[in-house]
Amino acid sequence: MAERKTLDERQQMSEAMRIRHSCAHVLATAILKLWPEAQLAYGPAVEDGYYYDLDLKHRITPDDFPKIEAEMKKITKENLVFEKVTVTREQALRDAETGRLGALTERPEPSRFKLENVRSIPEGEAITYFKSGDFLDLCAGPHVMRTGNVGAFKLTSVASAYYKGDEKNPQLQRIYGVAFKNRTQLDEWLKMQEEAKRRDHRKLGAEMGLYALDAEYVGPGLPLWLPNGTAIIEELETLAKQTEFQAGYVRVKTPHIAREKMYVTSGHLPYYAESMFPPMELRAEGELQARINKVKASFAGKDEAVAKHFAPFLDLLKECKSPEDFPTVLDKVIGGISAEERQLFDNAARTRFIGEMFLAGSEPDRYYLKAMNCPHHHRIFAAEPRSYRNMPLRLAEYGCCYRYEQSGELFGLMRVRALNMNDSHIYCSPEQFAQEFNAVNEMYLKYFKIFGIEKYVMRFSTHSKEGLGKKYVDQADLWVKTEEMVRRVLKESGINYEEVPNEAAFYGPKIDVQVYSVIGREFTLATNQVDFAVPGRFGLVYRDKDNSDKTPLCIHRAPLGTHERFVGFLIEHYAGNFPLWLAPEQVRVLPITQEQIAYCEEIVKELRGQYVRASLEFSNDKLQGRIKRAEEAKAHTMLIVGGRDQAANAVSVRVHGKGDLGSKPRAEVIADILAAIRERRA
RNA sequence: GCCGGGAUAGCUCAACGGUAGAGCACCUGAUUUGUAAUCAGGCGGUUGUCGGUUCAAAUCCGAUUCCCGGCUCCA
């Protein structure tokens with residue numbers, strides 16, 4: 001996602017950014033030449049290109065790109081000067097009203113987005129245009145000197161975007177493009193795009209047999225972990241369990257569903273309902289019989305004879321499994337009695353019965369698939385009396401949660417509807433908070449080192465006053481207090497962080513860890529949140545030194561995020577070439593001829609005895625072909641065994657991507673493999 | 001959820017109103033091989049699904065599902 005530019009970045013906009021932004025103007029000019037009536041909105045430079053949002057009756061498709069690019073080419077050839085013009089507010093308003101702004105000439109219609117933009121510029125701030133040829137645009141700049149400085153460009157895609165990014169606003173057409181100083185840089189970019197496609201976790205995930213999506217039978221966004229992917233997941237879980245064990249966490253296990261009361265109490269239903277799967281409705285066992293008895297009793301008081309007569313029929317209603325069944329079953333009951341009786345029944349019983357069943361209304365018991373583990377953990381906290389002596393209490397679970405993400409948001413493994421979270425909730429006192437929070441941050445850093453994640457930002461999300469009572473729990477003083485607590489820890493620990501207002505969780509401030517995959521995708525990989533609200537809603541307390549009950553603070557943390565997103569990230573991070581400890585296929589043993597099969601089987605047995613994912617491969621293919629296939633499968637270590645190796649009790653080692661490493665003593669090779677796995681060597 | 005585009009064999013693609021085809025993968029046989037493709041044969045598709053137009057539909061039209069690029073939202 002495009003990040004908010006800091007003031008610093010804006011002031012010293014790089015040449016690349018100036019080229020991109022200038023190219024947006026070139027694009028706008030070209031569009032106006034083809035469709036003079038186009039209403040331009042915004043055209044900023046972004047991460048590796050630029051876009052321009054516009055409203056236009058004609059639907060621009062990639063088929064229009066060559067035409068637009070040809071116009072753009074003409075404009076860069078003309079080498080027009082980008083001329084900065086400062087105007088008065090009155091002048092700007094006039095130009096917007098005559099359609100001149102964001103256009104090549106005056107037009108019958110006002111330039112409505114530009115008009116709004118002018119109006120939104122604070123009083124007293126300078127208003128500037130940039131003019132290149134006939135094109136006049138409201139713009140703060142900066143630009144390159146001339147259109148010719150945009151050396152190479154390409155339109156990449158067309159999409160729609162909500163005006164001002166608000167879902168309630170109409171959608172505009174957004175045309176994306178890239179721009180560079182010269183052709184060489186554009187070619188480099190194109191090459192990188194190819195590389196990105198190759199490393200895409202969706203492509204590699206399928207090729208390597210890591211996961212499958214089966215929308216037809218399982219459902220969109222519900223990944224099936226194949227054996228190879230599961231191997232990775234289990235390594236990650238082992239890492240988490242070991243790390244957490246050493247850090248004093250205790251493991252718990254909770255069900256995937258909970259009753260409605262859980263989420264009413266937690267506050268998730270009001271704040272989070274849209275992201276949850278709709279509930280399952282159950283009727284309590286015995287409830288139906290109770291209702292039937294009640295109906296019978298109501299008869300007894302009034303029409304005793306009738307009640308007695310119809311009692312056996314009413315019992316048939318027990319067949320009902322849900323309210324929808326009542327009419328059918330009722331018809332069946334009526335079918336079994338005579339016409340006169342039916343009249344009687346209708347008058348005396350049916351209406352009353354239906355009234356009882358439907359109008360009195362029975363609230364079914366609702367169960368929700370959990371979208372988060374915290375409420376379950378809160379109930380574990382509540383399950384036993386707690387004392388300050390055993391705080392902090394760190395409950396950990398790789399919990400599987402379900403979130404009803406909007407269909408358009410699903411994205412491979414990165415955005416799914418079933419997710420396994422590296423979750424934990426730390427219950428502590430305010431005095432313990434800083435130390436606990438710090439320890440969590442340190443755990444993050446420890447993990448990042450193991451995975452070689454070097455580029456990351458901790459994004460500290462805080463609340464907004466306007467959101468109180470809507471997006472956020474309405475406890476202003478606690479927000480301020482907790483945020484200050486977090487800010488202090490972050491500052492003191494010297495971690496690289498940025499603060500973003502109005503992005504907090506509904507129950508407290510949070511820190512999202514933003515990482516960047518090699519192919520340029522940015523993700524929130526992990527999250528660390530403070531919850532000062534929900535423990536109180538559940539009435540969670542611990543007995544303090546002074547013999548009074550206190551409500552604990554809760555830290556939610558998930559340094560490894562979810563298996564889904566983390567593995568998705570790792571696939572792209574390693575381009576599928578996992579380090580030995582993570583590689584789904586760690587060792588593939590290849591006998592050159594049948595003569596070595598027995599010897600190879602021994603090696604495989606020895607490795608598997610040490611829990612190494614090793615297997616033997618002997619097929620009709622030539623060795624070269626088998627090596628090619630092993631390389632393509634990204635088997636980490638290949639042990640190639642011919643007669644010479646066997647005679648010397650050796651193996652020839654070949655490591656994926658590194659080629660032939662030569663023949664080495666078998667014991668040495670196996671010892672090294674075991675050490676590399678144990679140390680989680682990169 | 002919204003806008004736009006797409007869906008042909010497990011994968012990559014061809015056929016673009018007239019009998020669905022190739023390579024790889026898979027299976028069988030031969031070959032027993034020293035570091036990224038041995039040879040031969042075979043299996044495999046109601047062209048995402050449903051409906052329409054037509055003598056005839058993978059191909060044209062409509063709906064729907066899913067996927068892709070964005071937007072919005074998020075771990």
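Residue numbers start from 1 in every chain, and the chains themselves are labelled A, B, ... in the order their sequence lines are given, proteins ahead of strands. These numbers come from the heavy atoms of this one structure, side chains and all, not from hydrogens, waters or symmetry mates.
The CD-C1' distance, from A:E409 to B:C2, rounds to 10 Å in whole Å. Rounded to a whole Å, the CD1 atom of A:I175 is 15 Å from the C1' atom of B:C71. In this structure, CD of A:Q406 is placed 10 Å from P of B:C74, rounded to the nearest angstrom. Counting to the nearest Å, the P atom of B:G4 and the CG atom of A:D53 are 15 Å from each other. As rounded to whole Å, 11 Å separates atom C1' of B:U33 from atom CG of A:N620. Nucleotide B:C11 holds its P atom 13 Å from the CG atom of A:L213, rounded to whole Å. The interatomic distance linking A:R629 (CZ) with B:C11 (C1') rounds to 15 Å, in whole Å. Rounded to a whole Å, the CD1 atom of A:I592 is 8 Å from the C1' atom of B:U35.
Checking A:E244 against A:N422 by side-chain atom types alone, a donor-acceptor pair falls below 3.5 Å. A:D531 and A:H425 are not linked by any side-chain donor-acceptor pair at a separation below 3.5 angstrom, with hydrogens and angles left out of the test. In summary, the side chains of A:N496 and A:Y456 do not present any donor paired with an acceptor at a separation below 3.5 Å, with no hydrogens or angles considered. Side-chain contact, A:Y176 with A:R174: a donor N or O sits under 3.5 Å from an acceptor N or O. Counting only N and O atoms by type, the side chains of A:T527 and A:Q529 include a donor and acceptor under 3.5 Å apart.
At a threshold of 4.0 angstrom between heavy atoms, the contacts of A:A215 are confined to the sugar-phosphate backbone, with no base atom among them. Contact annotation for A:G642: base contact, defined as any heavy-atom pair under 4.0 Å involving a base atom. Within 4.0 Å of A:F566, counting heavy atoms only, lies no atom of the nucleic acid at all. Among the heavy atoms of the strands, none lies under 4.0 Å from A:S275. Counting non-hydrogen atoms under 4.0 angstrom, A:N422 reaches nothing in the nucleic acid. At the heavy-atom level, A:S619 lies under 4.0 Å from base atoms of the strands shown. Across all strands shown, A:G659 has no heavy atoms under 4.0 Å from either base or sugar-phosphate atoms. Residue contacts for A:A161: at a heavy-atom cut-off of 4.0 Å it reaches the sugar-phosphate backbone alone, with no base atom in range. Among the protein residues, A:K510 comes within range of the sugar-phosphate backbone only, with heavy atoms under 4.0 Å from sugar or phosphate atoms but none that close to a base.
Under the 30°/60° scheme for interplanar angles, the aromatic rings of A:Y163 and A:Y42 are found to lie parallel. Ring geometry for A:H201 against A:F411 counts as perpendicular: the plane angle is over 60°, on a 0 to 90° scale with 30° as the lower cut.
For the C1' atom pair drawn from B:G6 and B:C27, the interatomic distance equals 33 Å after rounding to whole Å. Rounded to a whole angstrom, the distance from the C1' atom of B:U31 to that of B:C67 is 43 Å. Comparing the C1' positions of B:C50 and B:A7 gives an interatomic distance of 15 Å, to the nearest angstrom. Rounded to whole Å, the separation between the C1' atoms of B:A22 and B:U8 comes to 13 Å. Between the P atoms of B:C39 and B:G17, the separation comes to 37 Å (whole Å). Comparing the C1' positions of B:G34 and B:G41 gives a spacing of 29 Å, expressed to the nearest Å. When the P atom is compared between B:A40 and B:C24, the two are found 10 Å apart, to the nearest whole Å. Rounded to a whole angstrom, the distance from the C1' atom of B:C26 to that of B:G10 is 9 Å.
Contact of A:R174 with B:C3 (side chain to base): no donor-acceptor pair of N or O atoms is detected under 3.5 Å. A donor-acceptor contact under 3.5 angstrom links the side-chain atoms of A:Y162 to the base of B:G1. Residue-to-nucleotide contacts include no donor-acceptor pair under 3.5 Å from the side chain of A:S160 to the base of B:G4. Side-chain to base pairing of A:R654 with B:A36: one donor and one acceptor N or O lie within less than 3.5 Å of each other.
In this entry B:G44 has no Watson-Crick or G-U wobble partner, no candidate having both defining distances under 3.5 Å. Checking B:A58 for Watson-Crick or G-U wobble geometry (two distances, each under 3.5 Å) identifies no partner in any strand. Using the Watson-Crick or G-U wobble rule with both distances under 3.5 Å, B:G6 pairs with B:C66. Across all strands shown, B:C16 forms no Watson-Crick or G-U wobble pair with both key distances under 3.5 Å. Under the Watson-Crick or G-U wobble criterion, with both distances below 3.5 Å, B:C71 is paired with B:G1. Under the Watson-Crick and G-U wobble criteria, each requiring two contacts below 3.5 Å, nucleotide B:U33 is left unpaired. Searching all strands for a Watson-Crick or G-U wobble partner of B:G23 with both distances below 3.5 Å returns B:C11. Look at B:U53: it lacks any Watson-Crick or wobble partner with both distances under 3.5 angstrom.
Between B:C68 and A:R202, a contact under 4.0 Å exists linking OP1 or OP2 to a side-chain N or O. Listed pair A:Q624 / B:A37 meets the phosphate criterion, a side-chain N or O lying under 4.0 Å from OP1 or OP2. Side-chain nitrogen and oxygen atoms of A:Y176 include at least one within less than 4.0 Å of the OP1 or OP2 phosphate oxygen of B:C71. Remark: A:R59 is in phosphate contact with B:G4, judged by side-chain N or O atoms under 4.0 Å from OP1 or OP2. Contact check, A:T593 against B:U33: no side-chain N or O comes under 4.0 Å of OP1 or OP2.
The side chain of A:V416 has B:A75 as its nearest neighbour among B:U35, B:G34, B:A75. Relative to the side chain of A:P220, the nucleotides B:C2, B:C67, B:A75 differ in distance, and B:C67 lies closest. Closest to the side chain of A:D621, from the set B:C73, B:U32, B:U38, is B:U38. Of the listed nucleotides (B:U32, B:A75, B:A36), B:A36 has the atom at the smallest distance from the side chain of A:E632. Considering only side-chain atoms of A:E405, the nucleotide from B:A36, B:C73, B:C71 that sits closest is B:C73. For A:S157, the listed nucleotide lying nearest its side chain is B:G69; candidates were B:A37, B:U35, B:G69.
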message: What verdict does the salt bridge (charged side-chain N to carboxylate O under 4.0 Å, His left out) test give for A:E37 and A:K57, after you've listed the backbone C-alpha separation in whole Å, the side-chain angles of each residue and the deciding distance to 0.1 Å?
response: CA-CA 9 Å; A:E37 72 280 16; A:K57 207 161 182 184; over 6 Å; no
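Between the side chain of A:H268 and the backbone N or O of A:M276, no donor-acceptor pair lies under 3.5 Å. Within the 3.5 Å criterion, the main-chain N or O of A:I60 finds a donor-acceptor partner in the side chain of A:Q173.
Position along RNA chain B of the nearest nucleotide to A:G221 versus A:M421 favours A:G221 as the more 5'-ward residue. Each of A:Q529 and A:K203 was assigned the nucleotide of RNA chain B with the nearest heavy atom; the assignment lying further toward the 5' end belongs to A:K203.
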